[in-house]
Amino acid sequence: MFKKLKIFLQKIQNSDEATKKRWLIGATAISMILVIGLWLVYIQSTVKSIGNNIENQESTVGFWQIFKNGLVVVFNSVKENIKIIISEITKSRTITVE
């Protein structure tokens, strides 16, 4: 088995550049199809698993709680930015005349 594979690979190595390029493109295409297929199978099983977990869980945090927390964060950020702007406006300026 391995001897036949070794002979086959040597035959490809000793062939012309066009044949090598065809084998390279074909092997690359097959590898890509295999990897993408395995990736799709993995993604499909993950999505099914997540879907089953979501259906079994109860919603513990509601929309209004998330909305309220977001507003608190936004208002705190705005308040800090206003403090920075006011401190920049009210800080003393010095002018040096020569």
Side-chain angles (χ1 to χ4, degrees):
M1 167 94 176
F2 291 114
K3 194 167 195 155
K4 287 182 182 181
L5 181 62
K6 189 174 182 179
I7 292 170
F8 178 71
L9 290 176
Q10 284 178 347
K11 181 180 173 187
I12 292 174
Q13 286 176 345
N14 295 330
S15 62
D16 61 339
E17 292 299 317
T19 305
K20 289 179 187 177
K21 190 180 279 188
R22 271 189 264 129
W23 276 103
L24 175 68
I25 292 171
T28 303
I30 290 171
S31 298
M32 287 175 56
I33 290 170
L34 181 67
V35 168
I36 291 172
L38 291 173
W39 178 69
L40 288 174
V41 168
Y42 172 74
I43 292 293
Q44 183 179 6
S45 68
T46 304
V47 168
K48 284 182 182 179
S49 173
I50 291 172
N52 292 338
N53 288 341
I54 289 174
E55 291 173 358
N56 294 335
Q57 292 178 350
E58 293 181 17
S59 178
T60 57
V61 179
F63 169 78
W64 293 112
Q65 182 66 32
I66 295 171
F67 185 71
K68 184 182 106 179
N69 291 342
L71 285 178
V72 168
V73 170
V74 168
F75 283 126
N76 286 338
S77 175
V78 169
K79 185 170 78 172
E80 289 299 317
N81 286 333
I82 289 174
K83 283 182 183 178
I84 292 170
I85 291 171
I86 290 173
S87 70
E88 289 291 322
I89 291 172
T90 58
K91 92 176 165 184
S92 64
R93 300 181 194 281
T94 58
I95 300 174
T96 305
V97 178
E98 295 183 22

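Below, each value reflects all heavy atoms present in this structure, side chains not excepted, and no hydrogens, waters or symmetry copies.
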Item to check | Ile66: side-chain contact (heavy atoms from CB on, under 4.5 Å) partners, not counting sequence neighbours | outcome: Val61
Next on the checklist: Within a 6.0 Å radius of atom CZ on Phe63, are there more than 12 heavy atoms belonging to other residues, nucleotides or ligands?
Outcome noted: yes
Checklist entry - So which pairs with a foot in residues 7-18 pass salt bridge (Lys or Arg N to Asp or Glu O under 4.0 Å), sequence neighbours left out? => result Glu17-Lys20
Next on the checklist: Enumerate the ring-ring contact (aromatic ring centres under 6.0 Å, His included) contacts for residues 5-34, please, sequence neighbours excluded, ordered by first and then second residue.
Outcome noted: Phe8-Trp23
Checklist entry - Say you draw a straight line from CG of Leu38 to CD1 of Ile33; how long is it, rounded to the nearest 0.5 Å? => result 12.0 Å
Checklist entry - Are any side-chain N or O atoms of Ser31 and backbone N or O atoms of Ala27, one a donor and one an acceptor, separated by less than 3.5 Å? => result yes
Item to check | Those residues that, when tested against Lys79, pass side-chain contact (heavy atoms from CB on, under 4.5 Å) (two or more places apart) | outcome: Asn76, Lys83
Checklist entry - Taking only residues two or more places apart in sequence, or in another chain, which ones meet Trp64 in a ring pair (Phe, Tyr, Trp, His ring centres under 6.0 Å)? => result Phe67
Item to check | salt bridge (charged side-chain N to carboxylate O under 4.0 Å, His left out) partners for Lys68, two or more places apart | outcome: none
Checklist entry - Can you list the residues that meet the side-chain contact (heavy atoms from CB on, under 4.5 Å) rule with Thr28, with sequence neighbours excluded? => result Leu24, Met32
Checklist entry - When Ile, Leu, Val, Met, Phe, Trp and Tyr are grouped by side-chain heavy atoms lying under 4.5 Å apart, directly or through other members, which residues fall in the same group as Val41? => result none
Next on the checklist: Within this structure, what is the CZ-CG distance for the pair Phe2 and Leu9, rounded to the nearest 0.5 Å?
Outcome noted: 12.0 Å
Checklist entry - Does Val72 sit in a hydrophobic cluster with other residues, and if so which ones, taking ILVMFWY side chains as linked at heavy-atom separations under 4.5 Å, directly or through other members? => result none
Next on the checklist: Using the rule given for side chain to side chain contact (heavy atoms under 4.5 Å, CB included), can you reason through Gln65 versus Asn69, listing the C-alpha separation, both sets of side-chain angles and the distance that settles it, and then say yes or no?
Outcome noted: CA-CA 6 Å; Gln65 182 66 32; Asn69 291 342; 3.4 Å; yes
Checklist outcome for this item: Residue set satisfying side-chain hydrogen bond (donor to acceptor under 3.5 Å, both in side chains) with Gln44, at least two apart, ordered chain then number -> none
Item to check | Fellow cluster residues of Ile89, listed by chain then number, with links counted only when side-chain atoms sit under 4.5 Å apart | outcome: Ile85
Checklist entry - Mind checking what makes side-chain contact (heavy atoms from CB on, under 4.5 Å) contact with Val78, not counting sequence neighbours? => result Val74, Ile82
